[in-house]
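So the structure is just underneath, and the comments pick up after that.
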Amino acid sequence: MVTPSIGIEMPGLAFYEPCFGQEVEWIILNALADVRARTQSSYLRLSSKRIDQSMLVVPQDKYDKEKLRRQVIEGAYLLVDRRDSRDYKVGVNVVNILASGAMVPEAVEAGKQLEIEGVYANIVNVTGPGPLYSKFQDSLDESLREGTSVTSPLIGVLSEEDSKSPIVTVADAHPHSLAWIGGTVGSKIIPLGVSDFGQSGNRDDLYRQYGIDVKTIVAAVFNALDL
């Protein structure tokens, strides 16, 4: 079994945890191209959970669609953008929720509930924790060699100002699998995930037990914002 933590750490392996069918298609096609070029292998961690595919709106514009495809392959993209909201104030009521795989619907629902309370949550879908970390590590290595600045792995996904907002990460995996992201952008971070195993029950009960349900995500956001 390749867990997210092992997948991120494995040399020559691109670890993905997609949420939507369109992401799976793009990732598999790219993985086949990588295998043909003998550059790397890819591993997809999938779920049997039913997910509303309409949450992902694929742009009709050719350029925007290609941009989204590239972001999916590189590991993350902005699924829900609340930066145009009237009362959106970075440093006051803005947070970034980064979710991976099957936890994306919970993050989206938490964002809707938070908006009612006057808190604006940008939802970033982390499709590839492995490629996203590799992107950061490559930038770090270059920085140490050349004396340049380290580039945030979320560059192009969130603006520099927005990426400084508090972060809550949500994964059906150990919390540390995404916890590293906060340090790369210099933000306060609260990682949610599964640090125990062996319990049985329905999905909702287990999500509450592990603290990755909508209610816990909302509570984590308020904690991150010191509200």
Side-chain angles (χ1 to χ4, degrees), residues 4-5 8-9 17 71 74-101 103-137 139-140 143 149-196 207-208 210-227:
S5 300
I8 292 171
E9 299 165 7
E17 190 164 353
Q71 288 181 327
E74 291 172 2
Y77 67 92
L78 188 58
L79 178 65
V80 179
D81 185 354
R82 290 198 166 86
R83 291 176 292 182
D84 290 334
S85 301
R86 185 180 62 182
D87 297 323
Y88 185 97
K89 297 177 182 177
V90 174
V92 178
N93 60 356
V94 175
V95 69
N96 299 312
I97 301 178
L98 277 63
S100 189
M103 300 315 304
V104 170
E106 275 64 31
V108 171
E109 178 59 32
K112 292 177 181 177
Q113 294 187 16
L114 288 164
E115 189 170 20
I116 296 173
E117 301 295 330
V119 174
Y120 298 97
N122 297 310
I123 312 298
V124 176
N125 183 357
V126 181
T127 55
L132 195 66
Y133 183 79
S134 295
K135 184 179 178 181
F136 165 67
Q137 190 65 59
S139 175
L140 177 60
S143 174
S149 298
V150 179
T151 302
S152 164
L154 297 180
I155 192 75
V157 178
L158 293 169
S159 69
E160 183 175 356
E161 180 183 21
D162 288 309
S163 66
K164 297 298 183 182
S165 296
I167 292 175
V168 172
T169 61
V170 191
D172 185 7
H174 197 282
H176 73 207
S177 62
L178 295 179
W180 58 272
I181 295 175
T184 69
V185 295
S187 295
K188 178 179 180 180
I189 184 167
I190 296 182
L192 303 179
V194 181
S195 55
D196 196 4
Y207 280 6
R208 283 192 293 271
Y210 295 138
I212 54 177
D213 59 313
V214 173
K215 184 177 180 180
T216 304
I217 296 172
V218 169
V221 167
F222 286 135
N223 186 294
L225 290 170
D226 296 319
L227 296 177

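This structure is a prediction, so every number in the text was calculated from the model and none was measured. Numbers here simply count residues along the sequence, with the first being 1.
The two residues Ser5 and His176 have their closest heavy-atom pair at OG-NE2, 2.7 Å. Considering every non-hydrogen atom in both Pro166 and Val95, the closest pair reads O-CG2, 3.1 Å.
A perpendicular orientation is assigned to the rings of Trp180 and Tyr133, their planes being inclined by more than 60° (bins at 30° and 60°).
By the 4.5 Å heavy-atom criterion applied to side chains, Ser165 and Val90 are counted as neighbours. Put simply, the side chain of Ile167 reaches to within 4.5 Å of the side chain of Val185, judged on heavy atoms. Looking at heavy atoms from C-beta onward, Lys188 lies in side-chain contact with Asn223 at the 4.5 angstrom threshold. Counting heavy atoms from C-beta on, the side chains of Pro4 and Ser100 never come closer than 4.5 Å.
Remark: side-chain polar atoms of Gln71 are paired, donor with acceptor, to backbone N or O of Gly156 under 3.5 angstrom.
Atom CD1 in Ile181 sits 11.5 Å away from atom OG in Ser163 (nearest 0.5 Å). Distance CG/Asn122 to CG/Leu154: 11.0 Å, rounded to 0.5 Å. With rounding to the nearest 0.5 angstrom, the CD atom of Glu106 is 11.5 Å from the CG atom of Leu192.
Taking 4.0 Å as the cut-off between side-chain N and carboxylate O, Lys215 and Asp213 do not count as a salt-bridged pair.
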